[in-house]
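Down below is the structure, laid out as structure tokens.
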Amino acid sequence: MGKKKKKSKRIQKEDFGSAEFYCAKCDNTFEVDWETIWDIQECTHGYIGYHLNDTYISCEKCDELIDSEETVEGKKSAQFITDDELPF
């Protein structure tokens with residue numbers, strides 16, 4: 001007799017939102033989800049974070065690299081905590 005396989009439950013992924021970018025060359029606005037940005041950061045820098053200064057994201061239409069100054073307000077961003085608000 002064969003063994004019964006357990007049904008795998010689908011793990012719900014947490015939605016971290018996305019960042020919106022604007023390409024001045026082709027006048028295109030597009031979104032990249034934060035998980036993809038973090039994958040790029042991990043491959044290129046070895047660490048991840050909510051910053052876009054050194055993240056290499058290219059336009060979907062013309063493949064031009066996007067500057068961090070060309071970033072449009074993200075749809076969902078992390079809350080910024082100052083040192084005065086830390087519990088310790």
Side-chain angles (χ1 to χ4, degrees):
M1 286 186 119
K3 293 182 180 180
K4 274 190 169 180
K5 290 185 179 179
K6 291 183 180 179
K7 291 184 179 179
S8 61
K9 292 183 181 179
R10 291 187 179 176
I11 300 173
Q12 287 186 342
K13 294 177 105 180
E14 189 172 347
D15 182 23
F16 293 103
S18 61
E20 194 170 47
F21 296 92
Y22 172 73
C23 178
K25 183 178 178 182
C26 65
D27 195 34
N28 179 32
T29 304
F30 61 97
E31 292 182 13
V32 179
D33 60 90
W34 276 106
E35 290 188 52
T36 303
I37 294 170
W38 293 331
D39 289 342
I40 294 168
Q41 288 176 341
E42 190 171 19
C43 291
T44 56
H45 307 307
Y47 63 90
I48 60 173
Y50 279 103
H51 65 85
L52 298 168
N53 297 346
D54 297 328
T55 304
Y56 304 105
I57 297 175
S58 60
C59 177
E60 298 172 340
K61 288 186 177 179
C62 67
D63 280 338
E64 187 74 21
L65 284 178
I66 304 298
D67 261 347
S68 61
E69 291 86 33
E70 295 172 351
T71 304
V72 181
E73 181 77 23
K75 286 194 171 187
K76 185 177 178 184
S77 60
Q79 180 183 5
F80 184 75
I81 300 173
T82 61
D83 290 339
D84 298 336
E85 297 172 337
L86 293 173
F88 47 90

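Rounded to the nearest 0.5 angstrom, Glu60 CD and Thr29 OG1 are separated by 10.5 Å. Distance check: Glu64 CD to Cys59 SG gives 8.5 Å after rounding to the nearest 0.5 Å.
Remark: Asp39 pairs with no residue by the side-chain contact (heavy atoms from CB on, under 4.5 Å) rule, at least two apart or across chains. Taking Glu42 as the reference, nothing meets the salt bridge (charged side-chain N to carboxylate O under 4.0 Å, His left out) condition, with sequence neighbours excluded. Under the side-chain contact (heavy atoms from CB on, under 4.5 Å) criterion, Cys43 pairs with no residue, sequence neighbours left out. The side-chain hydrogen bond (donor to acceptor under 3.5 Å, both in side chains) check on Asp27 picks up Tyr22, with sequence neighbours excluded. Under the side-chain contact (heavy atoms from CB on, under 4.5 Å) criterion, Tyr56 pairs with Thr44, His45, Leu65, not counting sequence neighbours.
The closest side-chain heavy-atom distance from Ile66 to Ser58 is not below 4.5 Å. Between Phe21 and Ile57 there is a side-chain heavy-atom pair separated by less than 4.5 Å.
Shown here for Trp34 and Phe16, the closest heavy-atom pair between the two residues is CD1-O, 3.5 Å.
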